[in-house]
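Letters go in sequence order (proteins before strands), and every chain restarts at 1.
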Number of protein chains: 2
Amino acid sequence: MEEEKELLENTNIKPSIARVKVLEYLRNNKTHPTVEEIYTSLAEEIPTLSKTTVYNTLELFENNGLARIVNVGENESRYDADISNHGHFKCDGCGRVYDFRVNMEALETRGLEGYKIWEKHLYYRGICSRCRD
Amino acid sequence: MEEEKELLENTNIKPSIARVKVLEYLRNNKTHPTVEEIYTSLAEEIPTLSKTTVYNTLELFENNGLARIVNVGENESRYDADISNHGHFKCDGCGRVYDFRVNMEALETRGLEGYKIWEKHLYYRGICSRCRD
DNA sequence: TATAAAAATGTAATAATTACAACCATGCTC
DNA sequence: GAGCATGGTTGTAATTATTACATTTTTATA
Ligand SMILES: [Mn+2]
Ligand SMILES: [Mn+2]
Ligand SMILES: [Zn+2]
Ligand SMILES: [Zn+2]
């Protein structure tokens, strides 16, 4: 709450209720929630919240390095307050989206000479160990 | 045309006109087209084609290892007849989606012990060399 | 308080995707 | 070959995610 407020202020974003709460939600729920999930969770305590505001807020966060969009091959985007380069694993059994550590800087690529890269995204799909048991 | 027909037959998929044409399109246009692009391109020569058929066909191809879905952080999926593990680069200047070679097998990951992985997807975003000049 | 600027909202349009009903081709029975 | 059943194929229509934009509300400043 206070921490999120500060974080927003340090990024020169006005800490409105919606913004503080969305950021807080993202930092407390590392499940890579969808807009829908964020919206329905927060709508209880912020009855005036609209889904569009959630969209706007997340886009603002993305543009200011406070969140990243996470894409795991669904037709709905997810969001993550962890902006480090890490991988995501989507389990086709339980639907969960897990983090995994990976050294993406070490990846050698062929065919991108002279390209300016500003985002790297890696995701796997399969079955998690819980669902395999 | 004939080649695609055979490829479908070898995969035990009945080679209907729509299927042959979509596969042919994918194999001739390595631009990672969207459903919309495939549909509008083929609609001229197959006036009876519907967009849903394109969706159905691509899903069928995906399930049978004839195509892969390509996701580069847009809200529209793209498709690729190249099913090898390779990376995609989306240029935020011209919008093109480029291939690049990368050894994904060599990637060391932490946190996926005991997970069954059946798909790996890697994409970058940035500006291509043409757009930088 | 008045004014301006920024933020949040809602409506409605758009665009992607999916569910399911209708259609059609193939093979079988008579 | 006509009728009929089956499964495969197609398309209409509904649903859902996202965006555009105009309006309202809040906040900051004078
Ligand atoms: Mn993550
Ligand atoms: Mn490709
Ligand atoms: Zn699972
Ligand atoms: Zn470019």
Parallel under 30°, tilted from 30 to 60°, perpendicular over 60°: which one fits the rings of Tyr115(A) and Phe89(B)?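 Rings of Tyr115(A) and Phe89(B): perpendicular, over 60°.
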
May I ask you to decide whether Glu74(B) forms a salt bridge with Lys90(B), counting only side-chain N to carboxylate O separations under 4.0 Å?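 Between Lys90(B) and Glu74(B) there is a salt bridge, with a charged N closer than 4.0 Å to a carboxylate O.
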
Can you tell me if [X] and [Y] form a side-chain donor-acceptor pair at under 3.5 Å?
{"X": "Arg96(A)", "Y": "Tyr98(A)", "answer": "yes"}
{"X": "Asn85(A)", "Y": "Arg68(A)", "answer": "yes"}
{"X": "His86(A)", "Y": "Asp80(A)", "answer": "yes"}
{"X": "Asn71(B)", "Y": "His88(B)", "answer": "no"}

Find the distance between OG (Ser41(A)) and CG (Asn29(A)) and round it off to the nearest 0.5 Å.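 The distance works out to 7.0 Å.
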
Value in whole Å for how far the [atom2] atom of [N] lies from [atom1] of [X]:
{"X": "Lys14(B)", "N": "dT10(D)", "atom1": "NZ", "atom2": "C1'", "value": "14 Å"}
{"X": "Glu36(B)", "N": "dT18(D)", "atom1": "CD", "atom2": "C1'", "value": "16 Å"}
{"X": "Glu9(A)", "N": "dA7(C)", "atom1": "CD", "atom2": "P", "value": "13 Å"}
{"X": "Asn12(A)", "N": "dA6(C)", "atom1": "CG", "atom2": "C1'", "value": "14 Å"}
{"X": "Leu60(A)", "N": "dT9(C)", "atom1": "CG", "atom2": "P", "value": "14 Å"}
{"X": "Ile13(B)", "N": "dT9(D)", "atom1": "CD1", "atom2": "C1'", "value": "13 Å"}
{"X": "Tyr39(B)", "N": "dT18(C)", "atom1": "OH", "atom2": "P", "value": "18 Å"}

Short of 4.0 Å, heavy atom to strand atom, which residues of residues 70-83 of chain A count as contacting DNA chain D?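 Here the set is Asn75(A), Glu76(A), Ser77(A).
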
Under 4.0 Å from any atom of DNA chain D, heavy atoms only: list the residues of residues 43-59 of chain B that qualify, in numerical order.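 The stretch gives Thr48(B), Leu49(B), Ser50(B), Thr52(B), Thr53(B), Asn56(B) as the residues lying under 4.0 Å from the strand, ordered by number.
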
